[in-house]
Amino acid sequence: MEIKYIRKHNDSFMTIIDEANAVEYETKMIDSNDISILLEYSILEIDGTTQYNYNISRKENLQDYLETRGYSLEAIEKIVLSLQIGLSELEKYLIDESHIFLEKDTIFLEKTNAGERLSLCYYPKDNGTIQQQFRVLMEHIVSNLQGGDRKKAEHIYAIYDICLKEDYTLEEVLDYLQSNSEEQPEIVVNKIEFDDGFDEDPEDNRIEDYFEDSSESLYDYYEKKKKKTLGGRLLSLNILDGIKGLLEKKGESSISKSLKFEDFIIEPDTEIEEKTVLLKDSKPAGKLVYDGRDGAEDDYIITKDIFRIGSSKTNDAILNSKAVSSSHAKIYRENGEYFLEDMNSLNGSYIQGGILNYKEKVKLKTMDVIRFADVSFVFM
């Protein structure tokens, strides 16, 4: 079996190439009924092989969906609930459940006005039972868990333990998720009032009050000011204001006698001849520099191993253009190298003028011009 991704204009397609034979009854049922849970597809016979072409435009696969949401329990619950509803729909049309291909790259979600809609891949080959395939999905989720949230990890391992049973059902998984749904802790803010006893009367802060004796020095003035506190905090003193006060009381001549100035000689820096580094030998720093004059977008430094770009507020680089998809693209950092991948965006991601297919991973080089829809950056 081989899975490919092809982009034609603004549409994306996933192609599965194998020797699977269509089931006539199921094909007729799918063609004559609008089964919303299934991806739209077409079949093409080429040189003894069968190609199933699925329209995945504007959809996000399961791996990207869970990865973006940090493999949260809420996201997993939505998947299981949608999967359960979809399988119930397929039962009405007598579609063999083993012909539903449940894999991290073959389950898709799409944002709608009603929320997120799940789309499943019909592939007429024995892919295993739903329980067997979902167990493999849970293995993928467990293997991709990141440290830091112990409670979430415990729940996900508990779900995986359920899936290890021979006779488990999705109802059991859903019951566990719903009984352990993530609850946001209530945040209580108490108003705290401070009474520091500080009188902000400007008369108490006059510099002249500290110079009643003409013999008082600037040092004495600073020490007095330093000892006056506010709730244990020292009041700041601007030394230039103090000098100004002394000049006004004693005159410029007296203050000039008490201050001494020295000349400083600055030696020139020693020039060290350094070897010029060839640009082709230098590694990229991992920075997206906005290639526009209108200032509509910011520059971004890539600070994560997976750096996400899109219009949604959940991204690392949040672009303002309406042509940019909510989850548009991502940049991987691996062993000091950077790779660009489009996330099935509507208007596409381009590098050096060439458009990327979905799931196509391209290595980035310094000075590459990257365009997300109509927003261009130079990669540094």
Side-chain angles (χ1 to χ4, degrees), residues 3 5 7 11-14 36-40 54-87 100-123 130 133-146 149 152-153 155-156 159-160 163 170 173-174 177-178 181-182 304-318 324-332 340-346 348-349 356-361 372:
I3 298 179
Y5 299 92
R7 188 178 186 99
D11 289 325
S12 291
F13 297 88
M14 177 181 69
S36 60
I37 193 66
L38 295 180
L39 288 167
E40 295 180 7
Y54 303 87
N55 191 329
I56 58 171
S57 303
R58 292 167 289 282
K59 292 178 174 60
E60 186 177 24
N61 74 8
L62 178 67
Q63 181 178 3
D64 290 336
Y65 177 83
L66 292 175
E67 192 178 81
T68 302
R69 290 154 184 80
Y71 295 91
S72 68
L73 295 181
E74 181 184 1
I76 297 173
E77 182 180 341
K78 285 182 179 179
I79 295 297
V80 177
L81 181 59
S82 299
L83 182 59
Q84 196 174 27
I85 294 172
L87 293 173
I100 302 303
F101 192 10
L102 292 185
E103 214 268 345
K104 58 183 175 60
D105 291 325
T106 60
I107 299 174
F108 289 84
L109 292 102
E110 181 181 8
K111 290 184 179 179
T112 66
N113 293 332
E116 289 150 330
R117 187 177 71 180
L118 187 77
S119 295
L120 300 176
C121 175
Y122 170 76
Y123 186 65
I130 295 299
Q133 295 188 77
F134 188 78
R135 184 184 298 128
V136 174
L137 287 177
M138 284 306 305
E139 289 176 358
H140 169 74
I141 293 173
V142 168
S143 64
N144 282 274
L145 276 180
Q146 301 294 327
D149 192 335
K152 180 180 72 174
H155 286 314
I156 290 178
I159 297 169
Y160 181 58
C163 296
L170 291 181
V173 176
L174 187 60
L177 285 164
Q178 291 178 340
S181 59
E182 298 170 340
K304 298 180 178 180
D305 290 336
I306 300 178
F307 189 83
R308 304 182 184 282
I309 302 103
S311 59
S312 170
K313 302 300 181 184
T314 60
N315 291 286
D316 302 300
I318 304 170
V324 173
S325 298
S326 57
S327 296
H328 198 100
K330 54 187 173 184
I331 294 177
Y332 294 92
L340 174 66
E341 183 179 315
D342 183 74
M343 294 183 68
N344 205 22
S345 62
L346 175 61
S349 299
L356 298 182
N357 289 321
Y358 180 46
K359 288 292 181 181
E360 183 179 358
K361 194 174 177 180
F372 307 108

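Everything numeric here is computed off the predicted structure, so don't read it as measured data. FYI, side chains are in, hydrogens and waters are out, and symmetry mates aren't considered; it's all heavy atoms of this structure.
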Q: Evaluate side chain to side chain donor-acceptor pair (under 3.5 Å) for Asn344 paired with Tyr5, printing each intermediate quantity in order.
A: CA-CA 10 Å; Asn344 205 22; Tyr5 299 92; over 6 Å; no
Would the distance check show the side chain of [X] and the main-chain N or O of [Y] forming a donor-acceptor pair, the cut-off being under 3.5 Å?
X: Thr106; Y: Phe101; result: yes
X: Asn315; Y: Ala317; result: no
X: His328; Y: Gly348; result: yes
X: His155; Y: Lys152; result: no
X: Ser119; Y: Leu109; result: no

Within the structure provided, determine whether [X] and [Y] are in side-chain contact (heavy-atom separation under 4.5 Å).
X: Cys121; Y: Tyr54; result: yes
X: Tyr123; Y: Ile100; result: no
X: Ser326; Y: Lys111; result: yes
X: Val173; Y: Ile76; result: no
X: Lys361; Y: Tyr332; result: yes
X: Met14; Y: Lys359; result: no
X: Leu137; Y: Ile107; result: yes
X: Glu60; Y: Met343; result: yes

Calculate, to the nearest 0.5 Å, the distance between atoms [atom1] and [atom2] belonging to [X] and [Y] respectively.
X: Leu118; Y: Gln84; atom1: CG; atom2: CD; value: 12.0 Å
X: Glu77; Y: Ile159; atom1: CD; atom2: CD1; value: 9.0 Å
X: Leu87; Y: Leu170; atom1: CG; atom2: CG; value: 6.5 Å
X: Asp64; Y: Ser327; atom1: CG; atom2: OG; value: 8.0 Å
X: Tyr65; Y: Arg69; atom1: OH; atom2: CZ; value: 4.5 Å
X: Met138; Y: Cys163; atom1: CE; atom2: SG; value: 5.5 Å

Q) For Glu139, what residues pass the side chain to side chain donor-acceptor pair (under 3.5 Å) criterion, not counting sequence neighbours? A)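 Testing Glu139 for side chain to side chain donor-acceptor pair (under 3.5 Å), a comparison that skips the adjacent residues, returns Tyr160.
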**Q.** Qualifying residues under side chain to side chain donor-acceptor pair (under 3.5 Å), relative to Thr314, sequence neighbours excluded
**A.**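 Only Ser312 meet the side chain to side chain donor-acceptor pair (under 3.5 Å) criterion with Thr314.
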Salt bridge (charged side-chain N to carboxylate O under 4.0 Å, His left out) with [X]: which residues, sequence neighbours excluded?
X: Arg308; result: Glu67
X: Lys104; result: none
X: Glu40; result: none

I need the minimum non-hydrogen distance between [X] and [Y], along with the two atoms involved.
X: Leu346; Y: Ser325; value: N-OG, 3.0 Å
X: Ser12; Y: Asn55; value: O-OD1, 3.6 Å
X: Gly86; Y: Ile37; value: CA-CG1, 3.6 Å
X: Lys330; Y: Ile306; value: CD-CG2, 4.2 Å

(Q) The test is side-chain contact (heavy atoms from CB on, under 4.5 Å); show your working for Leu83 and Leu102 and say whether it passes. (A) CA-CA 10 Å; Leu83 182 59; Leu102 292 185; 3.9 Å; yes
Q. Without hydrogens or angle criteria, can the side chains of Tyr358 and Glu341 be said to hold a donor-acceptor pair below 3.5 Å?
A.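 Checked: Tyr358/Glu341 side chains show no N/O donor-acceptor pair below 3.5 Å.
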Q: For a side-chain contact (heavy atoms from CB on, under 4.5 Å) with Ser349, tell me which candidate from Val324, Asp342, Ile309 qualifies.
A: Asp342
Q: With sequence neighbours left out, write down each residue that passes ring pair (Phe, Tyr, Trp, His ring centres under 6.0 Å) with Phe108, or none if nothing qualifies.
A: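 Phe108: no ring pair (Phe, Tyr, Trp, His ring centres under 6.0 Å) contacts found.
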**Q.** Lys/Arg N to Asp/Glu carboxylate O, Glu110 vs Arg58, below 4.0 Å
**A.** no
Q | Test side-chain contact (heavy atoms from CB on, under 4.5 Å) applied to Tyr71 and Asn144, step by step | A | CA-CA 8 Å; Tyr71 295 91; Asn144 282 274; 3.5 Å; yes
